[in-house]
Novice: 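The structure follows.
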Amino acid sequence: MSGKQRTAGTAALFRTWGGLAGIALLALALLLVAPAALSDFRLGNLGKYCCWAIAAVGIGLAWGRGGMLVLGQGVFFGLGGYAMAMHLKLSAAGPGNVPDFMALYGDGTMPVWWEPFRSGAFTLLVIVLLPAAVAAVLGFAIFKRRVRGSYFAILNQALAVAFATLLVATINETGGFNGLNSFSTFFGYNLYDPVNKRMLYMIVAALLIACLVIVWHLNRSRFGELLVATRDAEERVRFLGYDPANIKLVAYVVAAIMASIGGAMFAPIAGIISPSDVGASASIMLIAGVALGGRASLLGPALGALAVGYGQSALSESFPNQWTYFQGALFIVVILFLPAGLASVLPRLWAAIPQRGVARKEGSA
Amino acid sequence: GSKSSDGDVESASAGAASCVDTSGDTIKLGFLNSTSGAMAISEQTVRDSLLLAAEEINADGGILGKQIEPVEEDGASDPAVFAEKIGKLLTSDCVAAVFGGWTSASRKAMLPVVEGANGLLYYPVQYEGLEASKNIYYTGATTNQQIIPAMDFLASKGVKTLFLAGSDYVFPRTANKIIKQYAEELGIEIVGEEYVPLDSDDWSTQVAKIVAAKPDFVFNTINGSSNVGFIKAYYEQGLGPDSSPIISVSIAEEEAPAMGKDVTGQFAAWNYFQSVDSPDNAAFIKAFQAKYGADRPTSDPMEAAYTSLYLYKNTVEKAKSFDVEDVNDASDGVSFDAPEGTVTINGENHHIAKTGLIGQINSDNQFDVVWSSEEPIEPDPFLESYDWWDSSAE
Amino acid sequence: MDAFTTPLLTGTSTGAILLLAALGLTLTFGQMGVINMAHGEFLMAGAYTTYLTQQVVTNTDVSILLAIPVAFVVAGLLGVALEGGIIQWMYKRPLDTLLVTVGVSMVLQQLAKDLFGAQGDPVHEPSWLDGSIDVFGYNWPYTRIFTIVLALIALAGLSALLRYTSFGRQIRATVQNRDLAETMGISTRRVDRITFFVGSGLAGIGGVAISLSSGTNPTLGSTYIIPAFLVVVAGGLGQLKGTVIAAFLIGVLTAYLTDWFSGSIAQVITFALIVVFLQIRPQGLFTVRTRGLA
Amino acid sequence: MLELRGVSVGYGRTTVVHDVDLVVSPGASVAVMGHNGAGKTTLLRAAVGLLPVKHGTILLDGVDVTKTRPNQRVRRGLGYVPQGQLCFPQLTTMENLQLVADRRPSGRRLIDDVLDTFPALRGLLSRRAGLLSGGQRQQLAIARTLLTEPRMLILDEPTEGIQPNVVADIEAVISGLTARGDLSVLLVEQHVGFALRVTDRYYVLESGRVTSSGDGGPDAVGDVRAAMAV
Amino acid sequence: MTTRGMDYLEVQGLIVDFDGFKAVDDVDLTLIEGELHFLIGPNGAGKTTLVDALTGLVRGGGLARYDGHDLLAMKSHQIVRVGVGRTFQTATVFEHLSVLQNLDIAGGVHRSAWRLALPRRGVTESVEQALDTIGLSELRHRPAGVLAHGQKQWLEIGMLLVQDAKVMLLDEPVAGMSAEEREETGALLKRIGAERTIVVIEHDMEFVRQFADKVTVMHAGKVLTSGTVVEIQADARVQEVYLGRTADAVNADPVAVAAEAAGEEA
Ligand SMILES: Nc1ncnc2c1ncn2[C@@H]1O[C@H](COP(=O)(O)OP(=O)(O)OP(=O)(O)O)[C@@H](O)[C@H]1O
Ligand SMILES: Nc1ncnc2c1ncn2[C@@H]1O[C@H](COP(=O)(O)OP(=O)(O)OP(=O)(O)O)[C@@H](O)[C@H]1O
Ligand SMILES: NC(N)=O
Ligand SMILES: [Mg+2]
Ligand SMILES: [Mg+2]
């Protein structure tokens, strides 16, 4: 029996520190190897995938661990992205000036709520606090009223659609369908300078690693266990003395903030944020990476998002006319055959080796 | 990172070194259109005519003796993807120029990238104007070559009341802003203005308002498949070319037969129709249909794309160089005997002079030209020569 | 006609289309719990079937009537294929069906593009749908009336199926506990297939109606899919009565909002109102309560 | 009637029931007993077809049904009352019954019959089954299975959660049916006394293996208690 | 200080009304610490519903007071936090968490919200003790979902132990257990019941006879009677609605009774 316990013990050990080791490996790859190995353009693309990966890490927490199919993360991605873009737009316009598109499409006056975004500090605050507040209000209402499962998913998706539609309809305020682009500097750094582009990449990669560490910690905390408990038997959690709504709310808010950070970095790296980056299909593509990598695993969502981002670029380069089929097939194959994502395949192969080791030890003891 | 004190973009872009390889006997050109997503409907046709033009030019000896090697990319109807892909084409594939884009959103997304990389983009679609970049050539109409001629046509028909119906995005909104100011100048009353999201089919409520307003004309700036819902509702509620005829700026030969209604008698404003009677157009149609099938119509954006590649060839050959600065220096006055007629590049704003045409749909879903601007209209993207225009008025 | 009645009338016909799009979902989603995002593409299949029928039977007076059963069968068979090929392995994880079917929807859209071309194909009304009658001084086009009648017929058929046949009970039993249903002698495989056939087939009929008002195009499905789901959600899962009311309410509401604001803002407000509504009634208009921790 | 030959069943890679041989001859009734987690439910689920067997064969009336789906086994005369008071919670009590009765020619009469057996259900016909009390649900579950007019009845702890006088009724029903000689029973039960009163053969399952078996009847109580105490 | 040993749960005039149907109808109960209190009654008598009302799962009218709290006005999780815990008639545990994790998170009521953000270090004593008490030490790393029916029921009791619930409402905790297991469970309840208020719902009269200090019989939503096991068994009304007139006969000569019943049937 003790052998079994030991196996379980090592497994637990592996789960804990293996996660951190994985994060360290990824950090090594993203922060040291990639900058050395990739061209400016490819590195920029990788940076963009990192933005999605940051959002994906949050989705892993909310969906994989918490069972909330957050199909509307584009909304939070967009809040962060547009907040940052507004700041960048105002920087490009210069002090006292109005962003170019307002003069073109509107009467050249700026809505008052744009004004504070001239401040970088205010913008950074908004990027964190606004999605947190929106998620808290929305989540509070939704979770307290016990809206969940498919209702939650569909509602989220509808929110993403409504958000994108709202953006499209408010041309003078948000640039409408075109979105916001033509930025020149990022907190004073020229965005066209390759050195600064690399710096931007390093920032986003570091943020991704930081988010992974946070989720790693949350997963192994008691909160992480409670979250899984809530996912599996929400009502039962009440009889442990917790309000499951609060537990879900925390995960939802964390996921929202991460999506927002991803969006905020997306704007300067991609050079644009527009409704099509935040709408229903963009939100679904965020989920796709998480599903591919493994929703409930630590690194799965991030790696999956990187892979989907890369796959999108690579496949559409090689098969510009057929790659939608690949995209569709990806969803079908992964969800149908690998519900726990690629993360479930690798450890299974991996686990086959150490387990034999333990068994032998047990025999000799 | 290196911090610039003034955030000057120009200085950085000027320094970007070109990686275009002109040493071989081929030259790479990027074709960037959406072959997936909602816009694939339209953009695929542009891709087709670009490939046709490349084939013809290659058969004719290429550009400066170099064979065109097209690098195709999918913009996926997503502005961010357009931004990424044009970056890839210019800095990774090192193409000499990129051809493509359709929606203004895609063009706006590509603009900073093409400027940053100091590359070239040839954009083939009519658009809302108010833009000029030294790195972009606009071979579709700007507003004074399509919207304003359409208004002139309406004025010539004695139209007194006009209803505006458009998709809810930048082009229709800006177009209508111009229309409203010019209408005031012309003494035409705007009796309604309605927008519907790009992907919406449901126009019934808005059309009811048209029925109520009984306008002399409807100015249609709806884009894409939303037109079908509009046209169906329009006819269902008893409207027709006899009561409140429509003038459209994005219904062309491809779209007209797809409406499911007999749209004979309705109007459209373009710079090219398949029905344009000229040897150059006959040759274009013949080549196009030989390559893609006799049932395939030609249309304005396709023609503008086809023309853009030839204009590029002519400019490069005049400059005797693929270098962006050389091309820009040589571009003024470069012309091409396009299917729509002879077009000439304006070196100042990088648009081209185009003839404004109004066509009326006949029973074959072709357009009979009923009005023409007589001569090519010089492009004026910022409407500087129109004193009724006040960009800051709402 | 005045500003008050017009939206009421146009909203009703919009509601009828929403109802047709949502009816099938009350079966596959409401009853079976499958979140079929490819349902929109089944609508599209119905629309293209109408187009193809008109190509074969050129007399539009006949072909449109012919198209209804044909579209039902075509979309139904697509549904059966989807169920047999994919969904049947996923009944234990209903939320995942959403993602799988997103993939299916992408493939079907691209397939439609490749088969029919990116440009939409036209569908022509029969001459007997040409024209309109006068209701409260408002021209009520025959096509709209046709749509409403079609929706009501489909509704009647479906509720008869659910209410007056034991099949309705079998569907519900199968969803609530597959193993138990199986041990009651119910062939759950057969029930699944038939349910999916009927649910998807209804989308085909919806496609016929949609093709009359907006033609065909490969992205047609994505326009309707989310509103259709919202109708079912707002109506109360699996509650036919609720779905009907929700469809017409949403249709009319959107029409008024469109009248007062703009199409885009109307869409935003409608979605927002549904979210708020679900705060008040989290299980939709009509609810079924169970006890304990279920 | 029902025969399990060398049946092993499990979940994923773990095997829970090992190499079990068990025969229920026509008209006979058999009890399976064992501790919590011994694998009784697992064995029954395999017999019904809800779990695939890893090895072995299952014969129903001499026909190999190892690979057939549960509903086909039910049509061949198998009836199963699962453990845990299972019902279709959103259907009313009546609908739960009709679900099965609908497909029988004399459905109406059958429903009347089982309602006579479980009179407590009469007052609950229009209540949703999900709202019933645990014992009410269990009665419904048994009633519903009886409607399939099984010739081979499999019951998993049928008295769990049922009030004493109804337990006596159930006992009477089972005994009555087996006494007619046209019904075989396979019963899993913790109440040894009850089990041995209604069956004529018993098996004891320990950790998924049959450790002893013998003839039923009240006299066997001691033997079974002893076998299970190991 | 004085309350220790005198803790009790007071229920007065409790009513649960489902659209006019009174599942619990004017019930008075006083549950005292240290007494193993059994709740019996026919299926559908309202026993589970009573517990549901006391734990915030359904809305009840009347009064239910424990340690100065009005339970009927509180939410489920708040009720747990004042020390009232329960198990479910169909065992519900967290299937994807291990036995250990199930027990550990059950101890959460006594942790501050901040400690939630920290990982679990080692196994707390109360969890270790509970594992031992419920005999699942060896299965501690098993996902709870794969436990057998009875094991889950023990796990639920273990969770209440870790929660250190002062009032335990157990809904048929020994259903489906074998005779020895019942006995073990009964002994366990006796042991932990010394300093707790425990209410057990049960149909197994043998078990009731063995362990009950006090029995309350419910029928049709009302309290039929209350007393010791002997008193209850002698009560004609209880025999009528619950035990059955033949209850004793069954125990005396089951075969004969069964045969008789079979005869009636045929
Ligand atoms: N879905 C499952 N996955 C993995 N293991 C399972 C599963 N269900 C049951 N088991 C395991 O199989 C064993 C036998 O379980 P089973 O339910 O058959 O026992 P049982 O004899 O019916 O017990 P009880 O008397 O409590 O009902 C137990 O150890 C249990 O942990
Ligand atoms: N939400 C509800 N709506 C309507 N009736 C209900 C509801 N919940 C319970 N009931 C009814 O209330 C009665 C009491 O049920 P309860 O579960 O309390 O009985 P019980 O005494 O626990 O029975 P058992 O011993 O069978 O578990 C039953 O008749 C049940 O059908
Ligand atoms: N440029 C346009 N038509 O969007
Ligand atoms: Mg069992
Ligand atoms: Mg109960």
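Residue numbers start from 1 in every chain, and the chains themselves are labelled A, B, ... in the order their sequence lines are given, proteins ahead of strands.
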Novice: Applying side-chain contact (heavy atoms from CB on, under 4.5 Å), name anything that partners A:A158, two or more places apart in sequence or on another chain.
Specialist: C:I226, C:L230, C:F271
Novice: Among A:A162, A:A291, A:A164, which residue forms the greatest number of heavy-atom pairs with chain C at distances under 4.5 Å?
Specialist: A:A162
Novice: Between A:L330, A:I284, A:V161, A:T165, who has the most heavy-atom pairs with chain C when the cutoff is under 4.5 Å?
Specialist: A:T165
Novice: Tell me, please, which residues at least two apart from C:R172 pass salt bridge (charged side-chain N to carboxylate O under 4.0 Å, His left out).
Specialist: D:E95
Novice: Closest approach of C:V107 and A:Y325, non-hydrogen atoms and distance?
Specialist: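 Reported closest heavy-atom pair: O-CE2, 3.8 Å.
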Novice: At a heavy-atom separation under 4.5 Å, does A:A329 approach chain C through its side chain, its backbone, both, or neither?
Specialist: backbone
Novice: Which members of residues 18-26 of chain C, sorted by number, sit under 4.5 angstrom from chain A on a heavy-atom basis?
Specialist: none
Novice: Measure across A:Y151 and C:L278 and return the closest heavy-atom pair with its distance rounded to 0.1 Å.
Specialist: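 A:Y151 and C:L278 have their closest heavy atoms at CE2-CD2, 4.3 Å.
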Novice: Quick one: which residues of residues 79-106 of chain C reach chain A at under 4.5 angstrom, heavy atoms only?
Specialist: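 Under the 4.5 Å heavy-atom cut-off, C:G85, C:I86, C:W89, C:M90, C:R93, C:L95, C:D96, C:L98, C:L99, C:V100, C:V102, C:G103, C:V104, C:M106 qualify.
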Novice: Is A:L336 in contact with chain C via its backbone, its side chain, both, or neither, using a 4.5 Å heavy-atom distance?
Specialist: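 Looking at A:L336, backbone and side chain both touch chain C.
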Novice: Could you tell me whether C:F116 atom CZ has more than 12 heavy atoms of other residues or ligands within 6.0 Å of it?
Specialist: yes
Novice: Is it the backbone or the side chain of A:A141 that comes under 4.5 Å from a heavy atom of chain C, or both, or neither?
Specialist: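 For A:A141, backbone and side chain are both near chain C.
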Novice: Check C:I265 against A:A169 and note the closest heavy-atom contact, atom names and distance.
Specialist: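 Smallest heavy-atom distance, with atoms named: CD1-CB, 4.1 Å.
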Novice: Just how far is it from atom CZ of A:F326 to atom CD of C:Q110, taken to the nearest 0.5 Å?
Specialist: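 Reported value, rounded in 0.5 Å steps: 11.5 Å.
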Novice: Is there a side-chain contact between A:F163 and C:V268 (heavy atoms, below 4.5 Å)?
Specialist: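 The answer is no; the side chains never approach within 4.5 Å.
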